[in-house]
Every structure is written in structure tokens, then in C-alpha cells.
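Worth knowing before you read on, the calculation uses all heavy atoms, side chains too, and leaves out hydrogens, waters and symmetry mates. Letters A, B, ... are given to chains in the order of the sequence lines, protein chains preceding strands, and every chain is numbered from 1. It should be emphasised that the depicted structure is a prediction, and the values quoted were computed from it without experimental measurement.
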Amino acid sequence: MRLDRRRLNGIAEQGVSIFVTLFGLLILTFVIGRIMPVDPVRAIVGEDATREVYENVYRQLGLDKPMWQQFLLYMRDVVTLDFGTSIRTGQPVLQDIARVLPATIELATFAILIGAGLGTPLGVIAAVNKDRWPDQLIRVISLMGHSMPIFWTGMIALLVFYANLGWVGGSGRMSQFYIGLVPERTNFLLIDSALAGEWEVFRSAINHIILPAALLGYSSSAYITRMTRSFMLDQLGQEYVTTARVKGLSRRQTVWRHAFGNIRVQLVTIVALAYGALLEGAVLIETVFAWPGFGQYLTSNLLIGDMNAVMTCVLIVGVIFIGLNILSDILYRVFDPRTR
Amino acid sequence: MSMTRDIPAPVPRRRMPQSLIAARNIVAFLTRSPTSLFGLVVLALLILVALFAPLIATHDPYAQNLQATLQPPSGTHFFGTDELGRDIFSRLVHGSRITLTIISLVTVVVGPLGLFFGTVAGYFGGKVDTVLMRITDIFLSFPSLILSLAFVAALGPSLNNAIIAIALTAWPPIARLARAETLTFRQADYIAAARLQGASSARIIWKSIVPMCLPSVTIRLTLNMATVILTAAGLGFLGLGAQPPLPEWGAMIATGRRYMIDSWWLVTFPGIAILCVSLAFNLLGDGLRDALDPKQMNKR
């Protein structure tokens, strides 16, 4: 009984802390939005509007009200999911983002599969061979992934694998002549083309996604490798590993069944966080690969000062990040028997 | 101390300050591992090149020569020329100054800022701690590049604003670290002694706590440098950092992108420069972590 109450308190405390963080996020985006040198009224009415029109829009936007009232208005807009319209596309920002986000999620999901598929075994191998040459080699490989400017690697990879070798598709999500062939249902191209039975489009999409996803995956594998290695080292140093070996289990079974089995929970949380960090790389890689996703939407609006769109993007990234943090927390609770 | 005064010193040798000895030991440890050595060498090279840029550069980094645009690497132009006929090698050499400026300015801002928030939160605890750490958490809930993008968008694209934006996003991990360190000293006897002597909180933090946090904060700053360099280059690449004609490496890659298919050298060399420097910081940070891990130090 007492345990239950403590648990409830814990959940309530976490709820409050999430709420406070979200509130802080709002303040941050509000403040950044206010220090903009771009005049939001001018952006809407244009350069040669009359003074009267200008004043009208000025009042409509609530810019004549004191700061705290403006903030309340902003909060109301956010709560009712009214993020205004994008100046560039002339459509509601939320609608725009719903259109471009699937492309990024598709890319990031592919990338995390590659990153985790590469990083986890490398981390285990490094831990098992601590301080021997495989460990050193893996350390350098993963630090390389962590150190490379991803926009540059993207260009070089395009130059080599697309322009010179012709192994993969170029920029964009699919070849030019396939665009518009597949009805947009989910905006996830791989799913849409599979649903429509357009396997050629599907193949083209795979051909295009593989290179940017591999690069993103490589850069995120650096973090996953390092964490896997340190988790494994913790486990391998414990007595149950020695016991398992003494009772005659093979090295491979000890490492993979026992030690690795125990770090799975921690790994899941790490992968969830790495997934969020991919968003950052996505901004740059999407620019290089002309990938019509969230990152490209953000940067192209940034350059023309479309602040509604930019601030909404930033807010959404923040919310996704907080969401992934909570998710990794929940996963930890669900999978780790000790927290039950 | 009183003991040493009574014994006449046999050798009047000046002893090095303790911190210098420690630094020497760390460097000695670092040079023993090939990867850390690579990091040290690249960094030393970066600093030397930045210091003597005008002597090393073979051409004026801004001088255009429209008769010699997009020349491949050769004896006169080691790394070729760009679309305006400027010498890429010279631009890279001068660009090292920009990289170094970014690193040092960010460090100068981030170190004190993180130390201030961290030590104050850790020392006072309670409500102050909660509020300050909440603020830190909010900043930490963004990927640093996205938050820098937002700040630069708000302040307008330029090198200075990029530096401000990076600094604004890079302090939270430092603050967290300084707070954690402070929490371990807070209950120490020497702090209690200082308090009993009537020292003010500000004095205790400044004189007794900040110096104790410095070593770990320094390492963390080194580790962060790689991220700082990549973020700065990314901002430059997106056109939000250093503006042309400044020879910033990321911006050079952005302009070279248009000529990439026929003139590979435009993007290749600046990219290698960024990769080397950020790899150097990562390897160095890795080595530093080992060097300051007492278990590792004893093993050598």
C-alpha cells in the first residue's frame, strides 16, 4: 500500500516536471520569437502597405498588448494547435509539418536501424577485447563517425557512390519520373508505394534512402558503440560472468546470453535517445540530399525569416525530444524487473 | 609548512607549481598513446598555423583571379583555386584563425557561465537549485544545432551571432557537471571552516568551490570542442554562420557544393580540415579521460 503511494507520488512528480519543462520550452520559443529582427507585420502586409493596414494587422497580432498578455495569447495558440500560416507556402504551418515529417521519420528510422545494428555488435566486440587492437580499431572507427561533418561526408558519398560508381540513387526520395505516380496516403513513401503495389517506385525509394540513412546511422552508431562498450565492461567485470565461465559455458554464450542479456534494457533507452539526436543530423543531411523532410523545411524557412514556421519546428523538436526522454524512461520501467 | 621552514633547504631549486607538474604529467601520459598524440599534434599544428597564417599562406586569401578559376591542385596552388580564382590552401590557412576564434570565444563564455550556474545551484541547493536546474533541463531538451539555428535566426546570420548562439546552447552540460562537483564539496570541513570564519557565500563559491571544479570542467570543455566545431561548420554550411568572403571552412564547403561534380577539391580540403580538427579534439578528450582516471594512471 505504502509502495503504491510512493509510486503514485513518483509519477505525479514526473508529470509536474514534464509540465514545467514544456512551459519553459514555450517561454524559450516565445522569447526567441520576440527578439527577431524581422518585423512580423511587414512580413504579412508587404513593403508598400498603408499605415492604416499596418496598424490593423499590428493590433490583430496583439503586438500592442503588454508582453505577458502576448505570452498568454501565444500559449492559447499553442494549446489549440493554432501555429499560424507559413508565409512561404501560405498554408497552416501544422499542415506543412504533417506533410514533411514522414519523410524525416522514414529516414531517421532507417538510420537508427543501421546505427543500432552496427553500433551494438561493435560495442560488444570492443568490450570483450578491451585495450587490444579490435578495441582500438573500433574506437577510431566510432570516433570518426562522431567527428565527421555530416554535410561534407554526404557530398563526398554522393560524389563517389552516385556520380562515379552509380550504385545508389541521387538526391531526393525517388527518381524524378516516379514523382506523382504513387497516391499519397501516409506520406511514408516506402509504405505508400508498397500499398499501391508499385514495386519499381519502392525499389527506387530504397535506392535513394540507403545512402543518407547509412551516413546518419554511422554517425549515431558512434554513441551507441561507446555506450554499449561501457555497459558491457560493467557486466563483464562482475562475478556472475566468472561463475558462468567456471561452470563450463562457452565464452560466446557468456557474453551474448548472460552479459548482453543484462544490458538490453539500458541499450533500449540509449537507442531512443540516439533516435532524437538523429533529428539534428537530419537537418544537414536533408539539405545535401534535397530530402523533402522536416530539416529542409526548417532551414529553407529560416533563410527567408518565416518565423511562424521556424518557431513551430523548434517547438516540435523540443516536444519530440521530451517525448523520447519520457519514452526511454517508460521503457526502462517496463523492461527492468527491478523497477517493478 | 612550519616543518619545512626549520630544515635548511639543501638544493635551492625552485619547485614547479603543483598545477604545472600535473599538466606535465598529463601531457606525458597523452603522448604515450598514438591516438592522443595525433590529437595533440593536430591541435599544436592548428595553433601554429593560425598564429603564423600570413607567413604560411602562399596567396592573399581574398585576392580574386578570374583568369585562374577552378584550377586543380598544382605546384602554385597546393589545393587548387575556387570559383573566383582564390587560392584554397591560403583560405584554409586563414580559416584556422576563424576556427580558433570560435573555439576560444565559446570557451570563454561557456566556462564561466556553466561554472556560475552550476556552483550557485549546488552550493545553495533547495529552491535555487530547482529553478536553475530546470532552466538547464529546458536547454538540454533541444539538440544543440537546432537551438543554435533558432538563435541565429532570431539574431540574424553572422559569425558573431553564430558564436553567441553556440555559447548559449553549450553551457548546460558544464553547469550540470559543476553542480555535481559542488555537491560533493558542499559538506566538506574546509567549507564549514570558511563559513565559520565569516566568509560570504559569494567568497566561498569563488575562492573555495570554483577552483575545485576547474579540472573536470576543463576536460568537459575540451570534449565539447568537437561538437562546437561541427555546429559552427554546420551553421556556416547552412549560410547562417560566417558570411562570404570570410574563409570559414563550413561556408567554403557550401559555396564549393555547386562546382562539386567537376571540381572536387573545392569541398574536399575544407572538409578534411574540419574532420581532422574535430577528430583531434575527440581523441584528445578520450585520452584526457583516461589520463585523469586514477585507475589508468596507476597502470602505466
Should the heavy atoms of other residues, nucleotides or ligands under 6.0 Å from [atom1] of [X] be counted, would the total exceed 12?
X      : atom1 : answer
B/H94  : NE2   : yes
A/Y74  : OH    : yes
B/Y259 : OH    : yes

Non-hydrogen atoms of chain B under 4.5 Å away: do they reach the side chain of [X], the backbone, both or neither?
X      : answer
A/L298 : side chain
A/T21  : both
A/A163 : side chain
A/V319 : neither

Please classify the contact of [X] with chain A as side chain, backbone, both or neither, using a heavy-atom distance under 4.5 Å.
X      : answer
B/I229 : neither
B/T227 : neither
B/T231 : neither
B/A226 : neither
B/F139 : side chain

Which one, [options], leads in non-hydrogen pairs under 4.5 Å with chain A?
options                       : answer
B/T35, B/L283, B/L149, B/V152 : B/L149
B/S144, B/G271, B/A280        : B/G271
B/L147, B/I261, B/L230        : B/L230

Plane angle bin for A/F23 and A/F71 - parallel if under 30°, tilted between 30 and 60°, otherwise perpendicular: perpendicular
Parallel, tilted or perpendicular, as decided by the 30° and 60° cut-offs, for the rings of B/F117 and B/W171: parallel
Closest-packed option against chain B by number of heavy-atom pairs under 4.5 Å, given A/V283, A/I156, A/L28: A/L28
Greatest number of heavy atom pairs closer than 4.5 Å to chain B - which of A/M311, A/M148, A/M144, A/R139: A/R139
Stepwise ring-ring contact (aromatic ring centres under 6.0 Å, His included) test for A/F161 and A/W167: CA-CA 6 Å; A/F161 294 109; A/W167 288 358; 5.7 Å; yes
Those residues of residues 242-249 of chain B, ordered by number, that approach chain A below 4.5 Å (heavy atom to heavy atom): none
Rounded distance [0.5 Å steps], CD1 in B/I272 versus CG in B/L279: 12.5 Å
Under 3.5 Å side-chain donor-acceptor pair for A/Y275 and A/T109: yes
Candidate list B/T136, B/I135, B/V110, B/L177, test side chain to side chain contact (heavy atoms under 4.5 Å, CB included), partner B/P172, passing option: B/T136
Polar side-chain atom of B/N161 near backbone of B/P157 as donor-acceptor pair, under 3.5 Å: no
Whether B/T81 side chain and B/Q71 backbone form a donor-acceptor pair below 3.5 Å: yes
Carboxylate-amine/guanidinium proximity below 4.0 Å for B/R176 and B/D137: yes
Short N-O contact, A/R132 and A/D135, less than 4.0 angstrom: no
